[in-house]
*Asks:* 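Please see the structure below; I have some questions.
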Amino acid sequence: MKTVVQTLTTSAPGETGAEAQMHISLSPEQKLQEILGFGAAVTDAVAYSYDQLLPAVQQMLVSQMYSDRAANLSFARVPMNSADFSRANYALASRPDLSDFCLRDDREPASCGTDYKLQVLK
């Protein structure tokens with residue numbers, strides 16, 4: 001079987017391919033890693049927005065994301081600290097030994113043991 005190598009070269013205006021900023025070669029026959037699936041991040045902003053939806057709309061959203069007849073995602077990633085659109089900057093733990101670990105979200109004042117992302121993950 002013949003391997004087809006597709007090449008995409010991009011460069012800034014006026015540059016030649018030899019001066020390219022990016023060079024990508026694809027070889028579909030060569031497998032370098034296994035893809036286990038694709039997912040989405042459950043951030044504070046996602047959880048906050050999800051909480052504002054009616055229960056029927058929440059169910060429809062989850063179905064659209066994880067159904068094999070829709071986006072067919074397989075994973076949900078949860079940041080371990082605040083993210084880009086969190087309403088506060090926080091960390092779940094700041095000590096290397098995790099002795100100050102506190103499950104929390106971006107609500108103020110902070111309350112250990114509460115995180116509204118958990119409701120989305122259920």
Side-chain angles (χ1 to χ4, degrees):
M1 178 180 282
K2 182 180 177 185
T3 299
V4 176
V5 176
Q6 300 172 339
T7 302
L8 168 68
T9 302
T10 63
S11 56
E15 291 183 344
T16 67
E19 300 165 338
Q21 294 176 356
M22 179 182 358
H23 179 86
I24 301 171
S25 294
L26 304 174
S27 181
E29 299 297 320
Q30 184 180 14
K31 294 183 181 181
L32 300 175
Q33 65 188 34
E34 181 181 354
I35 297 175
L36 300 176
F38 296 92
V42 179
T43 63
D44 292 314
V46 167
Y48 181 82
S49 299
Y50 180 86
D51 191 49
Q52 306 302 308
L53 300 173
L54 296 171
V57 178
Q58 290 176 342
Q59 182 58 43
M60 185 173 59
L61 175 64
V62 171
S63 178
Q64 289 294 313
M65 291 178 64
Y66 293 97
S67 168
D68 60 357
R69 288 175 267 139
N72 201 21
L73 299 178
S74 356
F75 298 102
R77 179 181 63 82
V78 181
M80 293 300 294
N81 297 310
S82 60
D84 296 356
F85 295 108
S86 295
R87 296 176 295 170
N89 185 16
Y90 66 91
L92 299 183
S94 57
R95 296 186 183 134
D97 65 357
L98 303 180
S99 61
D100 63 339
F101 182 84
C102 171
L103 180 65
R104 61 159 298 186
D105 53 37
D106 64 1
R107 290 179 282 199
E108 294 294 343
S111 176
C112 281
T114 62
D115 186 339
Y116 49 60
K117 291 185 290 295
L118 294 176
Q119 185 60 36
V120 177
L121 296 172
K122 288 181 182 179

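Only this structure's heavy atoms are used, side chains among them; waters, hydrogens and symmetry mates stay out.
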*Asks:* D100 and S94: side-chain donor and acceptor closer than 3.5 Å?
*Replies:* yes
*Asks:* If you round to the nearest 0.5 Å, how far is CG of L73 from CZ of F38?
*Replies:* 9.5 Å
*Asks:* Check whether Y48 and L54 end up in the same hydrophobic cluster, where Ile, Leu, Val, Met, Phe, Trp and Tyr are linked by side-chain heavy atoms less than 4.5 Å apart.
*Replies:* no
*Asks:* Identify whether the distance between the nearest side-chain nitrogen and carboxylate oxygen of K117 and D115 falls below 4.0 Å.
*Replies:* yes
*Asks:* Do you know the tightest heavy-atom contact between A83 and T43?
*Replies:* CB-CG2, 4.2 Å
*Asks:* Show the numbers, then the answer: is there a side chain to side chain donor-acceptor pair (under 3.5 Å) between S86 and D106?
*Replies:* CA-CA 6 Å; S86 295; D106 64 1; 4.5 Å; no
*Asks:* Is it possible for you to check whether R107 lies under 6.0 Å from the centre of the six-membered ring of Y116, through NZ or CZ, and within 45° of that ring's axis?
*Replies:* no
*Asks:* With rounding to the nearest 0.5 angstrom, report the CE to CE distance, M65 to M60.
*Replies:* 13.0 Å
*Asks:* A70 and S63: which non-hydrogen atoms are nearest, and at how many Å?
*Replies:* CB-O, 4.0 Å
*Asks:* More than 12 heavy atoms of other residues, nucleotides or ligands under 6.0 Å from CG of N89: yes or no?
*Replies:* no
*Asks:* When you group the ILVMFWY residues by side-chain heavy-atom contacts below 4.5 Å and let the links chain together, are L53 and V42 in the same group?
*Replies:* yes
*Asks:* If you look at every heavy atom in N81 and L92, which pair is closest and at what distance?
*Replies:* OD1-N, 2.9 Å
*Asks:* Rounded to the nearest 0.5 Å, what separation is found between the CD atom of E34 and the CG atom of L36?
*Replies:* 5.0 Å
*Asks:* If you draw a 6.0 Å radius around CZ in F101, do more than 12 non-hydrogen atoms from other residues or ligands fall strictly inside?
*Replies:* yes
*Asks:* Assigning hydrophobic clusters by single linkage (Ile, Leu, Val, Met, Phe, Trp, Tyr; side-chain heavy-atom cutoff under 4.5 Å), is Y50 placed with F75?
*Replies:* no
*Asks:* Taking all atoms of both residues into account, what is the closest heavy-atom pair of S74 and G37, and its distance?
*Replies:* OG-CA, 3.3 Å
